[in-house]
Amino acid sequence: MDAATRERFEEFYAVVRRIPRGQVATYGQVAELAGYPGRARQVGRALGLLPPGSDVPWFRILNAAGVISLPRGDGFERQRDALRAEGIDVTDEGRVRLRHIRFLPGSE
DNA sequence: GCGGTGACGGTCG
DNA sequence: CCGACCGCCACCG
């Protein structure tokens, strides 16, 4: 991984850290806010590299449909539990009401 | 270097 | 609501 990529991933993390408790954002939104529109895929890649116990709230990131994108399994359940732990309604399928809890810059 | 893969997403039908 | 297509890009075999 080159320096430019690491730098970009750090910028993604910085955006994710700004998302308030109880709110969520989409991969594409994080990429856009970081200044890299169209690179939603790399946001997922970056979040996947986070070590356990990171201060980056990776679990507040969902896909554009408002659904957890992690494949079913331990990771999927950890994210679902983390969201519920902060009062967010999440269906067993991992869907939230995006329109109601989406992070909107400026409404912080 | 090439092709496939995947924590993605907008557009169309 | 769903699937197909295409654009995106780091990583892997």
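Residue numbering restarts at 1 for every chain, and letters A, B, ... go by the order of the sequence lines.
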A:R84 side chain reached by A:D89 side chain, heavy atoms, under 4.5 Å: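 Result no, sub-4.5 Å side-chain heavy-atom pair not found.
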
Any side-chain heavy-atom pair of A:Y27 and A:L47 under 4.5 Å: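 Result yes, sub-4.5 Å side-chain heavy-atom pair found.
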
Touch class at under 4.0 angstrom, heavy-atom based, for A:G48 against every strand present: base

Sugar-phosphate, base or nothing in reach of A:R72, heavy atoms under 4.0 Å: nothing

Cation-pi check, A:R78 onto A:F59 ring (under 6.0 Å, within 45° of axis): no

More than 12 heavy atoms from other groups under 6.0 Å of CZ on A:R97: no

A:D2, CG atom: more than 12 neighbouring heavy atoms under 6.0 Å: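 Check passes, neighbour count above 12.
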
Watson-Crick or G-U wobble mate for C:dC12, both contacts under 3.5 Å: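 Pair assignment: C:dC12 / B:dG3.
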
Any-strand Watson-Crick or G-U partner of C:dC2, both distances under 3.5 Å: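 Pairing partner, where one exists within any strand: B:dG13.
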
Using whole Å, what does the distance between atom [atom2] of nucleotide [N] and atom [atom1] of [X] come to?
X	N	atom1	atom2	value
A:N63	B:dG6	CG	P	16 Å
A:Y36	B:dC8	OH	C1'	18 Å
A:L33	B:dC8	CG	C1'	15 Å
A:Y27	B:dG6	OH	C1'	11 Å
A:I68	B:dG6	CD1	C1'	17 Å

Among B:dG6, B:dA7, B:dC8, the one nearest A:Q42 by side-chain distance: B:dG6

Interatomic distance, A:E10 atom CD to A:E7 atom CD [nearest 0.5 angstrom]: 7.5 Å

Common cluster, A:I88/A:V56, ILVMFWY with side-chain heavy-atom separation under 4.5 Å: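 Same cluster: A:I88 reaches A:V56 through Ile, Leu, Val, Met, Phe, Trp or Tyr contacts under 4.5 Å.
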
Interface limits on DNA chain C, where chain A has a heavy atom under 4.0 Å of a nucleotide atom: C:dG7 to C:dC11

Closest-nucleotide ordering on DNA chain C, the 5'-leading residue of A:R45 and A:R41: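 In this pair, the answer is A:R41.
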
